[in-house]
Protein chains: 2
Amino acid sequence: MRKVDEKKSASTLTFMTGDASGSLGTRQERKLRTRQALLDAALRLLADGSLASLSLREVTREVGIVPTAFYRHFASMDELGVALAEESMRTLRAMLRDARRKPTDDAISGSVAILVDQVRKHESHFQFLVRERYGGVADVRRAIATELRLLGSELATDLARFPGMAEWDPDDLRMAADLMVAGMLSIVMALLEVGPHPQGLAEVVDVAERQLRLIAIGMVHWHSTPR
Amino acid sequence: MRKVDEKKSASTLTFMTGDASGSLGTRQERKLRTRQALLDAALRLLADGSLASLSLREVTREVGIVPTAFYRHFASMDELGVALAEESMRTLRAMLRDARRKPTDDAISGSVAILVDQVRKHESHFQFLVRERYGGVADVRRAIATELRLLGSELATDLARFPGMAEWDPDDLRMAADLMVAGMLSIVMALLEVGPHPQGLAEVVDVAERQLRLIAIGMVHWHSTPR
DNA sequence: TGGTTCAGTGAACATGCGTACACTGAAAGT
DNA sequence: ACTTTCAGTGTACGCATGTTCACTGAACCA
């Protein structure tokens, strides 16, 4: 077990404001900043270990406030977890919006490129989602599951706009979209595992593109194949 | 936090042996039985909560032995986790062997049926795998990842035996197999979430079969589609 | 038969935890 | 200028945890 002097740990708050003499912003702003500092600290600490094994005291220690102050922002660690889930899903959804905005000539390699880029940029958010998706805290699991289902239907309606997809059964669209989401998530984990290593990355990207392509080909011939 | 009288909890050991007056089997056998009781108890307790938040004392309490006796069997909870991972992967691999042994006329619905059956029969093993695959304990994660990679190559060689797959690039086979494994695992989680509810189960099975079929169709046309 | 091994015991410990409570002092409201 | 609000402080508590150590007694072996 790690042993730390609670008083001496670096204060994220003064670090963030860059002004140790304080007195910045209105009271609401300052509160929001502390709240965000708690979320950021938690996310940072979640690099090793799951939410279930992260203690309230660790988080406040990292931020540089006293344990009891935590309750000014969240009723429990579980609540903080749900907030983290929402924050993470916001970046995931932003990614999808990004992909929708600029359609490239090759939708597949374009999508994968965006995925790689976003995972790199928001590593800890994605890590959190993948780790806690089936993790120990029920509320968080539910929150992620709900958002992920929503994401699935968004992708399904996107798919519907492709040429030749118009007359597809919505249910079939949904199942294809879900398969893609499942594949995407396993790619995300592979990306996180491979780290910044450039050769491994190329390999992962290659596999991802081929997998999506395989699905795409399946979709093209879906209706012309005997059941 | 749950509060329990350590002395009064039901003893799994005497329950399992069915002989409270003891004296069954050689010393080695008895030791192995306790070890297994620890694994079973842990698996049972893991129904709610992840490995990272499961304490040594909880497990021994459930088994009915004193906390310190734990160390006669495992050096730490992490080690128990790795043992659980191995045990769970053994049932997963058994499933694959099962599927290989009896090829049906429709490989897809046959495979899905076997999957459903096995998940039902070894619910906690599958739950453990899915939960801890990206969970908090690094050693366990590694153990599962290794075994899962092995399972991927097994499936790839299985795929190679299908008609028309002979001349496939091994790397392409591997990527298709991995996609299937990813899909399978997300199906497993769906099965666990849906529980015994028969209508939801039918829905999940239906989606699973269509997803596998989609991949299969993609594979059929893989080489005759322009890149 | 007698000595050795060793799975399980039981008491004790230091530590980290969540949370209750009374507090302070600066910002916000009047 | 005053009162009120409230984010953060500091202390203190009871509790569960991992691990230590010396122990017991049945199974084992010679």
Side-chain angles (χ1 to χ4, degrees), chain A residues 1-7 9 11-14 16-17 19-38 41-42 45 49 51-81 137, chain B residues 1-7 9 11-14 16-17 19-38 41-42 45 49 51-81 137:
Chain A
M1 229 118 268
R2 211 158 20 132
K3 160 137 191 203
V4 189
D5 181 356
E6 296 204 355
K7 298 290 179 58
S9 61
S11 160
T12 308
L13 275 178
T14 57
M16 284 188 56
T17 62
D19 181 0
S21 60
S23 173
L24 273 188
T26 140
R27 189 145 75 178
Q28 259 201 36
E29 289 171 338
R30 290 176 67 79
K31 178 169 187 183
L32 263 177
R33 209 155 36 229
T34 310
R35 191 191 131 98
Q36 193 56 49
L38 284 167
L45 292 171
L51 184 70
S53 57
L54 181 61
S55 76
L56 181 154
R57 282 178 116 103
E58 278 182 88
V59 179
T60 56
R61 209 182 293 135
E62 172 90 0
V63 170
I65 61 176
V66 100
T68 47
F70 180 90
Y71 295 108
R72 300 288 177 200
H73 305 277
F74 303 99
S76 64
M77 279 294 291
D78 286 14
E79 204 178 289
L80 180 145
V137 185
Chain B
M1 228 115 272
R2 215 165 11 140
K3 162 140 191 201
V4 190
D5 181 355
E6 297 202 355
K7 297 291 179 57
S9 60
S11 161
T12 308
L13 275 178
T14 58
M16 283 188 56
T17 62
D19 182 358
S21 60
S23 173
L24 271 189
T26 140
R27 189 145 76 181
Q28 256 200 41
E29 285 170 343
R30 289 175 68 79
K31 178 169 187 184
L32 263 178
R33 210 153 37 228
T34 312
R35 191 191 133 99
Q36 193 56 49
L38 284 167
L45 292 170
L51 184 71
S53 57
L54 180 62
S55 76
L56 180 153
R57 282 178 114 103
E58 279 181 88
V59 179
T60 55
R61 210 182 293 134
E62 173 88 1
V63 170
I65 62 176
V66 100
T68 48
F70 180 91
Y71 296 108
R72 301 285 177 204
H73 304 277
F74 303 98
S76 65
M77 279 295 289
D78 286 15
E79 204 177 288
L80 180 146
V137 185

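Chain identifiers are assigned alphabetically (A, B, ...) following the order of the sequence lines, protein sequences preceding nucleic acid strands; residue numbering begins at 1 within each chain. On a predicted model such as this, the values are computed, not experimentally measured, just so you know.
Taking the nucleotide of DNA chain D with the nearest heavy atom to each of B/Ser76 and A/Ala69, the more 5' of the two is matched to A/Ala69. Residues B/Lys31 and A/Arg72 both approach DNA chain C. Their nearest nucleotides, taken by heavy-atom distance, put B/Lys31 toward the 5′ side.
With sequence neighbours excluded, the residues satisfying side chain to side chain contact (heavy atoms under 4.5 Å, CB included) with B/Thr68 are B/Val66. Checked against side chain to side chain contact (heavy atoms under 4.5 Å, CB included), A/Arg27 has no partners two or more places apart in sequence or in another chain. With sequence neighbours left out, B/Arg35 forms a side chain to side chain contact (heavy atoms under 4.5 Å, CB included) with B/Leu32, B/Leu39, B/His73, B/Phe74, B/Ala83.
Note: A/Leu80 CG to A/Leu51 CG = 7.0 Å, rounded to the nearest 0.5 Å.
In this structure, the CE atom of A/Met77 is 11 Å from the P atom of C/dT19, given to the nearest Å. With rounding to whole Å, B/Leu80 atom CG is found 12 Å from D/dG18 atom P. One interatomic measurement links the two molecules: CZ of B/Arg30 to P of C/dT9, which rounds to 11 Å at whole-angstrom precision. The CZ-C1' distance, from B/Phe70 to C/dC6, rounds to 18 Å in whole Å. Atom CG in A/Leu32 sits about 14 Å away from atom P in D/dC6, given to the nearest Å.
With D/dG18, C/dT19, D/dG8 as the choices, the nucleotide that has an atom nearest any side-chain atom of A/Thr68 turns out to be C/dT19. Of all nucleotides listed (D/dT9, C/dC17, D/dG18), D/dG18 comes nearest to the side chain of B/Arg57. Considering only the side chain of B/Arg61, D/dA16 comes nearest among C/dG8, C/dC17, D/dA16. The side chain of A/Val66 approaches D/dT9 more closely than any other nucleotide in the set D/dT19, D/dT9, C/dT9. Of the listed nucleotides (C/dG10, C/dA20, D/dT17), D/dT17 has the atom at the smallest distance from the side chain of B/Glu58.
Residues B/Thr34 and B/Arg72 fail the side-chain proximity criterion, which asks for heavy atoms closer than 4.5 Å.
The end-to-end axis angle of the helix from C/dT1-D/dA30 to C/dT30-D/dA1, rounded to 10 degrees and based on five pairs per end, is 20°.
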Taking N or O atoms only and anything under 3.5 Å, show me the protein contacts with nucleotides 28-30 of chain C, one pair per line.
unit_1 : atom_1 : unit_2  : atom_2 : d
C/dA28 : OP1    : A/Thr26 : OG1    : 2.9
C/dA28 : OP1    : A/Arg27 : N      : 3.0

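Contact between the side-chain N/O atoms of B/Ser55 and the OP1/OP2 oxygens of D/dA16 is not found at any separation under 4.0 Å.
Partner of A/Glu58 under the side chain to side chain contact (heavy atoms under 4.5 Å, CB included) criterion, chosen from A/Leu54, A/Thr60, A/Leu56: A/Leu54.
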